[in-house]
Amino acid sequence: MPIEQWDHDDLVYEHILMYALPDDAWSVELYAGRIPDRRHLITVLVHDEDPTRANHVLLSRGELPLPLLRRFLDVVEREESVRDGPWATEPTEERHYGFQTGYVLPHRAWSLELAAIRPALHTLVIAEVFDEEPRPTRVLFGDGELPLADLRRFLESVDEEEQRRGFARVS
């Protein structure tokens with residue numbers, strides 16, 4: 001179980017890769033902090049046994065700077081390429097999500113929100129694109145899961161919003 005540590009803004013994040021036997025998938029995980037106080041933020045299950053199963057994201061309530069989320073998804077992309085095969089990119093189950101955007105005055109930021117609307121309404125991911133460029137876009141997670149393809153589409157919308165604000169993408 002390889003563990004890699006990333007430092008960002010005086011915080012430590014740990015990226016872990018291991019095989020999750022019950023899921024028949026590689027588990028790519030990101031935690032904030034160090035053992036024993038670390039908190040789970042995000043896991044992506046990269047399936048390698050059943051080509052009909054799309055890769056899924058498991059979220060835990062927390063916050064992550066957008067550059068770190070992008071770095072984590074680069075690791076996931078490498079794992080997907082190692083497990084190359086005709087894997088499904090779209091889930092087979094029906095999904096019900098809502099997407100909204102609006103301005104949050106107290107934060108002076110544009111907010112993009114992806115929420116599950118069935119079986120019950122709850123927020124999965126919020127990205128805040130701040131009006132002032134020195135403040136990097138941050139991503140807030142709610143508890144839940146969604147297909148990896150949907151998280152990637154959401155982040156494309158975040159990239160478009162940053163471009164509209166004239167911000168350079170920070171990787």
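Residue numbers count from 1 along this sequence.
Between the side chain of Asp24 and the main chain of His47, no donor-acceptor pair closer than 3.5 Å is present. Formation of a donor-acceptor pair under 3.5 Å by the Ser27 side chain with backbone atoms of Tyr19 is not found in this model. The backbone N or O of Ser60 sits nowhere less than 3.5 Å from a side-chain atom of Arg39 that would complete a donor-acceptor pair.
Note that CD1 of Ile117 is 11.5 Å distant from NE2 of His122, once rounded to the nearest 0.5 Å. Expressed to the nearest 0.5 Å, how far OG1 of Thr43 lies from NE2 of His56 amounts to 13.0 Å. Between the CG atom in Leu140 and the CG atom in Leu124 there is a gap of 12.5 Å [rounded to 0.5 Å]. Atom-to-atom distance recorded for Glu4:CD and Ile16:CD1 is 11.0 Å, nearest 0.5 angstrom. Note that CZ of Arg61 is 12.5 Å distant from CG of Leu41, once rounded to the nearest 0.5 Å. To the nearest 0.5 Å, atom CZ of residue Arg138 and atom CG of residue Leu68 are 14.5 Å apart.
Put simply, Trp6 and Val139 are part of the same group of oily side chains (I, L, V, M, F, W, Y) that touch within less than 4.5 Å, one to the next. One hydrophobic cluster, built from ILVMFWY side chains closer than 4.5 Å, holds both Leu17 and Leu73. Put simply, Val104 and Ile126 are part of two different groups of oily side chains (I, L, V, M, F, W, Y) that touch within less than 4.5 Å, one to the next. In the hydrophobic clustering of this structure, Leu21 groups with Val44; members are Ile, Leu, Val, Met, Phe, Trp, Tyr whose side-chain heavy atoms approach within less than 4.5 Å, directly or through other members.
At least one side-chain heavy atom of Asp159 sits under 4.5 Å from a side-chain heavy atom of Glu162. Using a 4.5 Å heavy-atom threshold, the side chains of Leu64 and Tyr13 count as touching. A heavy-atom distance below 4.5 Å is not found between the side chains of Glu77 and Val75. With contacts defined as side-chain heavy-atom distances shorter than 4.5 Å, the pair Leu146/Tyr97 qualifies.
Classification of Arg153 and Glu156 as a salt-bridged pair fails, no side-chain N sitting under 4.0 Å from a carboxylate O.
Closest approach of Ala127 and Val158 over heavy atoms only: CB-CG2, 3.5 Å. Closest approach of His107 and Phe130 over heavy atoms only: O-CD2, 3.5 Å. Between Val28 and Phe72, the shortest heavy-atom contact is O-CZ, 3.3 Å. Nearest approach of Leu59 to Gly142, heavy atoms of both residues: CB-O, 3.3 Å.
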Kindly determine whether Leu69 and Ile42 satisfy side-chain contact (heavy atoms from CB on, under 4.5 Å), including the steps that lead there. CA-CA 9 Å; Leu69 179 57; Ile42 183 172; 4.0 Å; yes
Might you work through the side-chain contact (heavy atoms from CB on, under 4.5 Å) test for Leu45 and Glu145, ending with a clear yes or no? CA-CA 11 Å; Leu45 296 175; Glu145 77 174 78; over 6 Å; no
For the pair Leu66 and Leu155, evaluate side-chain contact (heavy atoms from CB on, under 4.5 Å) and give the outcome as yes or no after the intermediate values. CA-CA 9 Å; Leu66 183 59; Leu155 290 175; 3.8 Å; yes
Would Val57 and Phe141 count as a side-chain contact (heavy atoms from CB on, under 4.5 Å) if you check the C-alpha gap in whole Å, the side-chain angles of each, and the deciding distance to 0.1 Å? CA-CA 11 Å; Val57 179; Phe141 300 130; over 6 Å; no
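Val12 pairs by the side-chain contact (heavy atoms from CB on, under 4.5 Å) definition with Gln5, Asp7, Arg34, not counting sequence neighbours. Listed by chain and number, the residues in a salt bridge (charged side-chain N to carboxylate O under 4.0 Å, His left out) with Glu14 are Arg38 (sequence neighbours excluded).
Taking a 6.0 Å sphere around CZ of Arg152, one finds it holds more than 12 heavy atoms contributed by other residues, nucleotides or ligands.
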